[in-house]
**Q** 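My questions will all concern the structure given below.
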Number of protein chains: 2
Amino acid sequence: MNRMTEFESSREDEAARAGWLYYVGGMTQDQIANELGVSRQRAQRLVSRAVSEGLVRVRIEHKIGACLELEAELVRRFGLQTARVAPSLGEAGDSARATAPLAATLLERILARPDPQVIAFGTGRSLSAMVGEVMQRPATEHKIVSLIGNIAPDGSASFYDVIMRMADKLRLPHYPMLAPVISETAEERALFDHLKPVQAVKKLASAADATFVGIGQMNDDAPIYKDRFISLEELRELQGAGAVGEIVGSFFNDEGQPVETPLTARIGSYRIEGGREAPIIGIAAGTNKLAAIRGALSGKLVNALVTDEPTARALLG
Amino acid sequence: MNRMTEFESSREDEAARAGWLYYVGGMTQDQIANELGVSRQRAQRLVSRAVSEGLVRVRIEHKIGACLELEAELVRRFGLQTARVAPSLGEAGDSARATAPLAATLLERILARPDPQVIAFGTGRSLSAMVGEVMQRPATEHKIVSLIGNIAPDGSASFYDVIMRMADKLRLPHYPMLAPVISETAEERALFDHLKPVQAVKKLASAADATFVGIGQMNDDAPIYKDRFISLEELRELQGAGAVGEIVGSFFNDEGQPVETPLTARIGSYRIEGGREAPIIGIAAGTNKLAAIRGALSGKLVNALVTDEPTARALLG
DNA sequence: TCACTGGTTGGGCATTTGCTCATTCCGTAA
DNA sequence: TTACGGAATGAGCAAATGCCCAACCAGTGA
């Protein structure tokens, strides 16, 4: 095991060194191969590995004017604390990829605070992408808390295990939610609710200094349905009750008002209450999420938004 | 003028957008050209401009093991607060380029402190390169102070105008040293010394929360000579008196003890005193600077060092 | 008006890079 | 020992990139 670790680390070392020579030193892969005494292909593989393992971090140090204006307008129109608008990555672009670096910067700002912070996280693709973009910071006494379990009814863990990866990356103590996203029955949910660890996590979450959540849409490609947390019937029921969006397991209609169905009594997530002082940062982009984002903004379920250019235009247009 | 600014900014916008699409979006330059509706060549130029104008920032998020060990050993051996060792960029590599990102990270840590900081800067190529690597931060109430003027005897300003560029980049109030580096006579120097602004700057400098300085070598390619601040005779005189290095205009021998010649009475820089609590960070790399760095470390003229791998090895070897 | 300077543009081409594929290497199990 | 699966390796090639050049454009001063 120890050997394994050493081996891995020396391999990462090599990749990092290749990445350094390539990106900082501006050398060609041939030169790097020469410098490190390996073949050209190996140099190329090392560089590409350095990129894919996230050892190389690229950031754009310039606020594009158009995006700045959109941000200001979003803040004004929806009474937000903060808005971040990522430049469009084009038609085919992946919006989670676009928002991730901006969201990561917001998170880093929180992490940089000198006094211990409690930071709460939801789940979702956008959050997951954000994790990859966060740069490692010297850990202080912060705590990170999960707002929702990630065990699906079939017992499988969700792909987007935000909190574990985040905790691992930042070496921070973390408090996962020890409950299934959706219990079998309302009774079972109540049972979990009274568990001490769950209580403790909810208490932490309610006092979080910052909260990061994704905003899920409730049309037919709803993530919560696609990831098999709920069935098609349950989705239809929610849609019928007017649900247009979802934030950590709480459904809301186009005015941001809570939507209740028999299902909602079985959901094991912490419900964030609106109107908090501390930032509640929603991360969501894509035209298919428009209705959900509009609802969340109307109901002031979030007080900060990270989105992308086309989505911002659509929200304001 | 205003038009000019707008024009420039929209051009930068375009470059930033191209850089964003290329590096964050992972698109090819052809796709970018298509997306922005410009020719392929223009897209390529925009991307390359984004890089050269520093709009794109690349950083390696991995401490290479070998460098870490060197850092620890430097700290131990020379009783430093901090040491940073950049991986080598190879024989032909530019050492200022290598140290710059690391130095910038140290500076950023200071800048991130919540309470107002006073940060003092020397001059030199290493410091100059560092400026380019600093990412823009939301300005707080920090102040930046120059430890030395940058006017050569012939009236020309030095190339490496660290403090102006830094102030410009970070939008921080700055306090340049309003005096020539080297006055004609000791009397002239005393005159400048008594000027109120000079006094004020020195007072600030003496209370600086952090100080960044380059370490200049005193062999025949001494920067202070190459940049025409002193004549060959003066250089020879200093060498004869045992000077092996220079920090913001103060010369020292191989034990770090001050070296005085008639020249030194004419130098208009603030002399940093050793043994301070606040970090005094020396940035220097390259085998031709070895003697200078050794001297500075012996005399504890700095309490933190940023250097590169071969230099660190040589210092410890 | 005209020549000239400084900068921008797109075409063409050499270099660099990313990727696929067949091969080899290594550890494991039969 | 041999067969086998998975990872690493290097060759070769197509795509992508960077750079040079000739043409062009706008502003400037004679």
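In what follows, every heavy atom counts, from backbone to side chain, and hydrogens, waters and symmetry copies are set aside. No experiment lies behind these values; they were computed from the predicted model shown. Below, chains carry the letters A, B, ... as their sequence lines are ordered, and counting in each starts from 1.
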**Q** With the threshold set at 4.0 Å, does a side-chain nitrogen-carboxylate oxygen contact exist between A:R42 and A:E14?
**A** yes
**Q** Mind calculating the distance between CD (A:Q41) and P (C:dG18) to the nearest angstrom?
**A** 12 Å
**Q** So which one's nearest nucleotide on DNA chain C is more toward 5', B:V38 or A:M27?
**A** B:V38
**Q** Could you tell me the separation between the CG atom of B:D30 and the P atom of D:dA14, rounded to a whole number of Å?
**A** 18 Å
**Q** Can you find a side chain N or O atom of B:S39 that sits less than 4.0 Å from OP1 or OP2 on C:dT9?
**A** no
**Q** Counting the atoms with a prime plus P, OP1 and OP2 as sugar-phosphate, which does B:Q29 contact under 4.0 Å by heavy atoms, base, sugar-phosphate, or nothing?
**A** sugar-phosphate
**Q** What integer distance in Å separates A:R49:CZ from C:dC19:C1'?
**A** 16 Å
**Q** Does A:Q44 put a side-chain nitrogen or oxygen below 4.0 Å from OP1 or OP2 of C:dG18?
**A** yes
**Q** Do A:M130 and A:R125 have side chains that get closer than 4.5 Å, going by heavy atoms?
**A** no
**Q** Between A:D308 and A:R313, does at least one N-O distance fall below 4.0 Å, as a salt bridge requires?
**A** no
**Q** For a quick test of reading the model: is some side-chain N or O of B:Y22 closer than 4.0 Å to OP1 or OP2 of D:dT17?
**A** yes
**Q** Tell me what A:R42 touches on the nucleic acid: a base, only sugar-phosphate, or nothing, going by heavy atoms under 4.0 Å.
**A** sugar-phosphate
**Q** Tell me what B:R40 touches on the nucleic acid: a base, only sugar-phosphate, or nothing, going by heavy atoms under 4.0 Å.
**A** base
**Q** Just the rounded figure in Å: distance from C1' of C:dT17 to CD1 of A:I32.
**A** 11 Å
**Q** In this structure, how many angstroms lie between the P atom of C:dT17 and the CG atom of A:L46, rounded?
**A** 14 Å
**Q** Is a donor-acceptor contact shorter than 3.5 angstrom present between the side chain of A:R45 and the base of D:dG10?
**A** yes
**Q** When you measure from the side-chain N and O atoms of A:T28 to the phosphate of C:dT17, is any distance below 4.0 Å, counting only OP1 and OP2?
**A** yes
**Q** Please determine whether a side-chain nitrogen of the Lys or Arg among A:R59 and A:E108 lies less than 4.0 Å from a carboxylate oxygen of the Asp or Glu.
**A** yes
**Q** To the nearest 0.5 Å, tell me how far B:L21 CG sits from B:T28 OG1.
**A** 11.0 Å
